Amino acid sequence: MKSSELRQSFLSYFENKQHQIVESSSLIPGNDPTLLFTNAGMVQFKDVFLGDDVRPYTRATSSQRCVRAGGKHNDLENVGYTARHHTFFEMMGNFSFGDYFKKEAITYAWEFLTEVLKLPQEKLLVTVYAEDDEAYDYWNKTIGLPEEKIIRIGDNKGGRYQSDNFWAMGDTGPCGPCSEVFYDHGEHIWGGPPGSPEEDGDRFIEIWNVVFMQFNRSADGTMAPLPKPSVDTGMGLERIAAILQGVHSNYEIDLFQNLIAASAKAVGTDDLTSKSLQVIADHIRSCSFMIVDGVIPSNEGRGYVLRRIIRRAIRHGNKLGQSGVFFHTLVDALDKEMGDAYPELRKLKERVASILLKEEEQFAKTLDQGMKILEEAIANLGDAKVIPGETVFKLYDTFGFPADLTNDVARENGLEIDEAGFDAAMEAQRARARSASNFTMDMSGSVQLDAVTEFTGYEQLESQCEVEAILLDGESVEAVEAGQTAVIVLKATPFYGESGGQVGDQGWLRGPAAFKVSNTTKLGKAHLHHGEVKEGRLAVGDKITAEVDRSLRNATTLNHSATHLMHEALRRVLGDHVTQKGSLVDAERLRFDFSHFEGVTAAEIEQIEDMVNEQIRLNRPVETDIMDIEAAKAKGAMALFGEKYDAEVRVLTMGADYSIELCGGTHVKRTGDIGLFKILVENGIAAGVRRIEAVTGKAAIEATRQTEAALLKVAALVKGNKENALDKVSALNEHSRALQKELDALKGKMAALAGADLASQAVEINGGKLLVAQVEVNDPKELRDLLDELKSKLESAVVLLAAVNNGKVSLIAGVTKELTKQVKAGDLIKMVAPLVDGKGGGRPDMAQAGGNNPDALPSALAAVPEWVAERV
């Protein structure tokens with residue numbers, strides 16, 4: 001059975017068992033900030049298991065793409081060395097949310113394995129938690145497995161419920177026993193059954209884990225039965241495919257064999273058994289799908305993990321003799337294998353290949369040089385078995401070699417790396433990486449509200465309402481008085497609660513008191529009106545008039561509607577890979593963050609503005625519809641992964657299907673209401689994430705006026721007008737460049753004259769020449785030019801020049817080619833710089849440094865002749 005057929009067979013089986021087929025979610029978890037990547041099939045259902053999300057189904061099945069290459073779940077270093085480790089894999093699973101439990105889950109697993117896949121029953125055995133008699137009895141009495149095929153696993157991890165067969169979502173929360181199914185590959189393969197001393201062998205391989213979420217563990221360790229026990233299962237597609245296809249290694253299945261063949265062709269090797277080809281085939285999967293889900297190579301967080309994997313693949317290609325770019329060409333082969341199951345890969349494969357090519361080109365510039373340094377370091381180790389941490393750090397810092405890549409090379413040579421030394425040298429860089437992946441749960445606070453506020457603000461900005469609850473300092477109270485800051489909860493409100501990037505409304509609650517609303521937020525289904533009692537007394541049950549600030553709401557509405565039009569324009573101009581990464585819409589402007597791997601050009605900005613303003617001029621109606629989520633997707637509505645949507649959603653259509661999105665925000669009636677759209681700023685805020693700030697309506701007109709006013713000021717400065725200001729500035733710029741050329745030429749002549757004078761001051765040392773001098777120059781470039789002039793005149797010489805400007809010392813050393821074997825400029829600088837409270841370094845022929853102690857310069861220069869004489 002092919003891998004693609006296995007995936008479909010699994011989903012179809014559970015669909016016939018009334019399970020909803022759910023598409024694989026993004027590799028970037030949208031509902032679990034504790035994870036770097038999605039690493040299991042249950043991640044997208046975590047909120048359902050916790051009771052924070054309700055789906056229109058109680059049974060689900062999926063084939064979830066997963067990555068384990070960062071954070072606490074990291075298999076990267078094992079890829080290529082074992083038969084079953086991957087950075088990317090597919091987890092097939094079936095889930096019950098309070099529907100069926102142990103009996104059905106066990107029955108489904110056994111039926112699928114033995115009747116659908118037709119695995120020999122005698123090859124299968126199972127494990128259960130030692131105390132789970134219920135699961136044991138189902139396997140033994142219902143399924144009919146003999147006792148010797150059912151292994152009880154106790155608390156083997158040090159403590160109660162600390163077992164390979166007891167699963168927990170975290171230190172607290174849902175948990176329960178699990179039952180794992182193992183396949184026996186046969187006596188000819190070393191290894192023992194689970195629970196035995198030889199369990200780490202390859203004979204018995206786990207193929208399916210069935211988790212019974214049975215308890216809720218509190219902070220004090222109390223285990224309370226869950227009111228609705230649930231089921232979470234996972235079976236690795238690659239592992240079960242290997243069994244069905246009669247091979248021992250996952251890399252021998254059809255999916256990998258085709259990728260390995262394509263990799264071999266790309267690097268130019270005929271050895272299809274190479275471990276390096278397995279690495280490359282694995283890595284093209286993880287890298288491609290990370291990019292599909294919006295990750296861009298960088299030096300932080302997820303982007304850093306992606307960069308590490310790409311560079312590891314490139315290094316293995318280099319190891320096989322490929323010195324050119326090749327990795328990006330494998331995207332087509334991956335598309336042939338997985339594009340049918342994951343159409344998002346097929347849709348974005350050109351972008352994926354483009355990003356991989358750029359990363360290859362960037363790394364290729366330093367790979368050869370870095371490998372030479374590493375090979376030289378290994379050769380110089382002698383009998384030592386550990387590569388120094390300083391060397392590992394230098395390779396990372398100078399050549400972009402991740403430590404695990406250096407560790408790969410070390411392992412191939414029977415060596416280790418000094419990880420502690422590397423960590424010490426990397427402290428600053430590691431801190432940045434940690435900050436990007438230091439995910440913490442976002443807690444909304446301790447206040448618990450069962451209130452449900454009806455939102456009436458789509459149709460009206462003023463209405464009669466009743467106070468349902470009042471919060472003062474986080475505690476529920478019956479009333480508040482003048483001068484007190486509080487939170488008011490209404491049974492119904494026209495105030496929009498901050499969400500979806502749109503800020504909360506401001507305004508007044510008027511009645512027995514005057515309450516000024518400074519912001520409106522949401523907690524659950526309640527709208528919280530934050531503000532201050534300006535006069536009077538406000539109590540629970542009071543009838544009040546809620547008045548939204550119309551000017552702020554209207555301006556915010558214009559910006560929100562324009563955001564939708566701009567989002568679509570971005571996708572049409574830049575490509576379908578553009579996805580929203582964040583937004584903020586208020587009365588002043590709109591801010592929109594989106595995925596894109598390079599700066600947006602001025603021409604593209606103009607095109608985006610034109611496209612949005614065209615929709616505004618067309619003045620088409622803006623329509624909102626309430627429909628179920630599947631109908632919304634069928635209509636083409638864009639939804640954001642990680643956002644929680646109810647069974648019924650609000651679909652916003654603008655410009656006759658120009659833009660269709662799910663949105664609960666407030667919007668204009670017709671696109672023409674926006675008036676004018678103007679982009680103010682476009683810049684990068686993170687690796688692969690850009691930000692646009694723009695204005696609409698009156699603010700856009702004002703921005704245009706300010707631009708025109710600035711142009712008039714420039715025109716006046718160059719003695720021109722609006723019409724000829726550009727020509728005037730261009731002419732002035734050309735004149736400035738001409739003057740700079742003349743100035744550079746004069747500086748060059750002065751440097752030559754100074755060089756001729758200084759050259760005569762050189763002294764003979766053991767057959768070579770040495771020149772040490774303090775000179776007067778204005779900038780580092782002049783110092784470098786003077787050094788080059790002197791090296792040219794003196795031919796075989798060591799030169800050290802120093803200059804003092806603004807209380808700082810500049811040092812530069814140069815050594816002609818003939819003497820670099822005896823004297824290295826970098827070593828000379830490292831000797832002199834500390835004497836003036838500085839540091840620096842460089843190449844054997846040229847090195848630079850800075851210092852903070854000009855008073856020590858004379859004695860520092862005086863130490864040079866003796867140091868050089870010892871080496872020449």
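Predicted model only: the values in this text are computed from it and were never measured. Counting begins at 1 with the first residue of the sequence.
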Undergrad: Centre of F594's six-membered ring, under 6.0 Å away, within 45 degrees of the axis: is that where NZ or CZ of K581 sits?
TA: no

Undergrad: Using modelled atom types and a 3.5 Å cut-off, is there a donor and acceptor pairing between side-chain atoms of Y458 and backbone atoms of G664?
TA: yes

Undergrad: Once you round to the nearest 0.5 Å, how far does CG of D673 lie from CG of L558?
TA: 7.5 Å

Undergrad: Parallel, tilted or perpendicular, judged at 30° and 60°: which one describes the rings of H667 and H564?
TA: perpendicular

Undergrad: A side-chain contact here means heavy atoms from C-beta on lying under 4.5 Å apart; do L528 and V489 qualify?
TA: yes

Undergrad: Within this structure, what is the CG-CZ distance for the pair N39 and R65, rounded to the nearest 0.5 Å?
TA: 14.5 Å

Undergrad: Is E547 paired with R510 through a side-chain N to carboxylate O contact shorter than 4.0 Å?
TA: yes

Undergrad: Report the C-alpha separation of R160 and E131 in whole Å, then their side-chain angles, then the decisive distance to 0.1 Å, and conclude whether the salt bridge (charged side-chain N to carboxylate O under 4.0 Å, His left out) test is met.
TA: CA-CA 11 Å; R160 186 74 189 278; E131 300 177 25; 2.9 Å; yes

Undergrad: Regarding R572 and E568, does a basic nitrogen lie under 4.0 Å from an acidic carboxylate oxygen?
TA: yes

Undergrad: Can you name the nearest heavy-atom pair linking K102 to P177, along with the distance?
TA: NZ-CG, 4.2 Å

Undergrad: Evaluate the criterion side chain to side chain contact (heavy atoms under 4.5 Å, CB included) for residue pair I616 and L676; output intermediate values, then yes/no.
TA: CA-CA 7 Å; I616 292 172; L676 181 65; 5.9 Å; no

Undergrad: When rounded to the nearest 0.5 angstrom, what is the spacing between CD in E532 and CZ in F515?
TA: 8.5 Å

Undergrad: Scan I660, D625, T624 and name whichever one has a side chain to side chain contact (heavy atoms under 4.5 Å, CB included) with L652.
TA: T624

Undergrad: Give the minimum heavy-atom separation between L36 and P29, together with the two atoms involved.
TA: O-CD, 3.8 Å

Undergrad: If I compare all heavy atoms of P512 with all of D542, which pair ends up nearest, and what's the gap?
TA: CG-OD2, 3.6 Å

Undergrad: Would you compute the distance between atom OG1 of T493 and atom CD of E466 and round it to the nearest 0.5 angstrom?
TA: 13.0 Å

Undergrad: Kindly check if the number of other-residue, nucleotide or ligand heavy atoms within 6.0 Å of CD (E702) is above 12?
TA: yes

Undergrad: Any salt bridge between D53 and K46, counting N to O under 4.0 Å?
TA: no

Undergrad: When you measure from the side chain of D586 to the backbone of R589, do you find a donor-acceptor pair of N or O atoms at a distance under 3.5 Å?
TA: yes

Undergrad: Determine, for K678 against E609, whether the closest basic-nitrogen to carboxylate-oxygen distance falls under 4.0 angstrom.
TA: yes

Undergrad: Would you find a donor on one side and an acceptor on the other, under 3.5 Å apart, between the side chain of Q214 and the backbone of C175?
TA: no

Undergrad: Does NZ or CZ of R55 come closer than 6.0 Å to the centre of the six-membered ring of F95, within 45° of the ring's axis?
TA: no

Undergrad: When rounded to the nearest 0.5 angstrom, what distance separates OH in Y108 from CZ in F14?
TA: 8.0 Å

Undergrad: When you look at NZ of K516, are more than 12 heavy atoms from neighbouring residues, nucleotides or ligands closer to it than 6.0 Å?
TA: no

Undergrad: Where is the tightest heavy-atom contact between S25 and Q44, given as atom of each residue plus distance?
TA: OG-CB, 3.6 Å

Undergrad: The test is side chain to side chain donor-acceptor pair (under 3.5 Å); show your working for N94 and T61 and say whether it passes.
TA: CA-CA 4 Å; N94 58 287; T61 184; over 6 Å; no

Undergrad: Can you confirm whether the side chains of S230 and S96 place a donor and an acceptor under 3.5 Å from each other?
TA: no

Undergrad: Determine whether the side chains of E623 and T653 contain a donor N or O and an acceptor N or O closer than 3.5 Å.
TA: no

Undergrad: So Y100 and H19, would you call those rings parallel, tilted or perpendicular, with 30° and 60° as cut-offs?
TA: tilted

Undergrad: Test your reading of the model: is there a side-chain donor-acceptor pair from H529 to the backbone of I488, 3.5 Å cut-off?
TA: yes

Undergrad: Can any side-chain N or O of D232 pair as donor or acceptor with the backbone N or O of M42 at less than 3.5 Å?
TA: no

Undergrad: Checking side chain to side chain contact (heavy atoms under 4.5 Å, CB included) between L570 and each of I692, L565, V612, which is the one that passes?
TA: I692

Undergrad: Any side-chain donor paired with an acceptor under 3.5 Å for S62 and E23?
TA: no

Undergrad: In the structure I gave you, are the side-chain heavy atoms of D593 and Q580 within less than 4.5 Å of one another anywhere?
TA: no

Undergrad: Set out, in order, the CA-CA distance, both residues' side-chain angles and the distance that settles side chain to side chain contact (heavy atoms under 4.5 Å, CB included) for H567 and E661, then state yes or no.
TA: CA-CA 10 Å; H567 188 186; E661 293 192 42; 3.2 Å; yes

Undergrad: Would you check if the side chain of N554 reaches a backbone N or O of S551 as a donor-acceptor pair within less than 3.5 Å?
TA: no

Undergrad: Could you tell me whether the side chains of N165 and S163 share a donor-acceptor contact shorter than 3.5 Å?
TA: no

Undergrad: Any Lys/Arg nitrogen of E15 or K17 sitting under 4.0 Å from an Asp/Glu carboxylate oxygen of the other?
TA: no

Undergrad: Would you please test H530 and F495 for ring-ring contact (aromatic ring centres under 6.0 Å, His included) and show each step?
TA: CA-CA 11 Å; H530 303 255; F495 282 75; over 10 Å; no

Undergrad: Kindly indicate, with the supporting measurements, whether the criterion side chain to side chain contact (heavy atoms under 4.5 Å, CB included) is fulfilled by V211 and T233.
TA: CA-CA 6 Å; V211 176; T233 82; over 6 Å; no

Undergrad: State whether R591 and E693 are salt-bridged, where the test is any N-O pair (Lys NZ or Arg NE/NH1/NH2 against Asp/Glu carboxylate O) under 4.0 Å.
TA: no

Undergrad: Is it true that K491 and E454 make a salt bridge, defined as a side-chain N closer than 4.0 Å to a carboxylate O?
TA: no

Undergrad: What are the two closest non-hydrogen atoms of A482 and K534, and how far apart are they?
TA: CB-O, 4.1 Å

Undergrad: M213 vs V231, test: side chain to side chain contact (heavy atoms under 4.5 Å, CB included). Steps then yes/no.
TA: CA-CA 6 Å; M213 291 191 192; V231 172; over 6 Å; no

Undergrad: Does Q484 reach the main-chain N or O of E481 with its side chain, forming a donor-acceptor pair under 3.5 Å?
TA: yes

Undergrad: Using modelled atom types and a 3.5 Å cut-off, is there a donor and acceptor pairing between side-chain atoms of D549 and backbone atoms of Q506?
TA: no

Undergrad: Are side-chain N/O atoms of D99 and Y57 paired as donor and acceptor at under 3.5 Å?
TA: no

Undergrad: List the atom of S26, the atom of T38, and the distance in Å for their closest heavy-atom pair.
TA: O-OG1, 2.8 Å

Undergrad: Is the shortest distance from a Lys or Arg side-chain nitrogen in D657 or K635 to a carboxylate oxygen in the other one below 4.0 Å?
TA: no

Undergrad: Any luck finding a side-chain donor-acceptor pair between T671 and N619 under 3.5 Å?
TA: no

Undergrad: Spell out, as yes or no, whether a donor-acceptor pair under 3.5 Å connects the side chain of S659 to the backbone of G655.
TA: no

Undergrad: Side chains of T521 and E498: donor-acceptor distance under 3.5 Å anywhere?
TA: no

Undergrad: If you apply the rule side chain to side chain donor-acceptor pair (under 3.5 Å), what do you find for Q502 with T556, and how did you get there?
TA: CA-CA 8 Å; Q502 180 175 332; T556 302; 5.8 Å; no

Undergrad: How many angstroms lie between atom CZ of R691 and atom CZ of F592, to the nearest 0.5 angstrom?
TA: 11.5 Å

Undergrad: Have S499 and Y496 got a donor and an acceptor in their side chains that come within less than 3.5 Å?
TA: yes

Undergrad: Do T666 side-chain atoms and T557 backbone N/O form a donor-acceptor pair below 3.5 Å?
TA: no

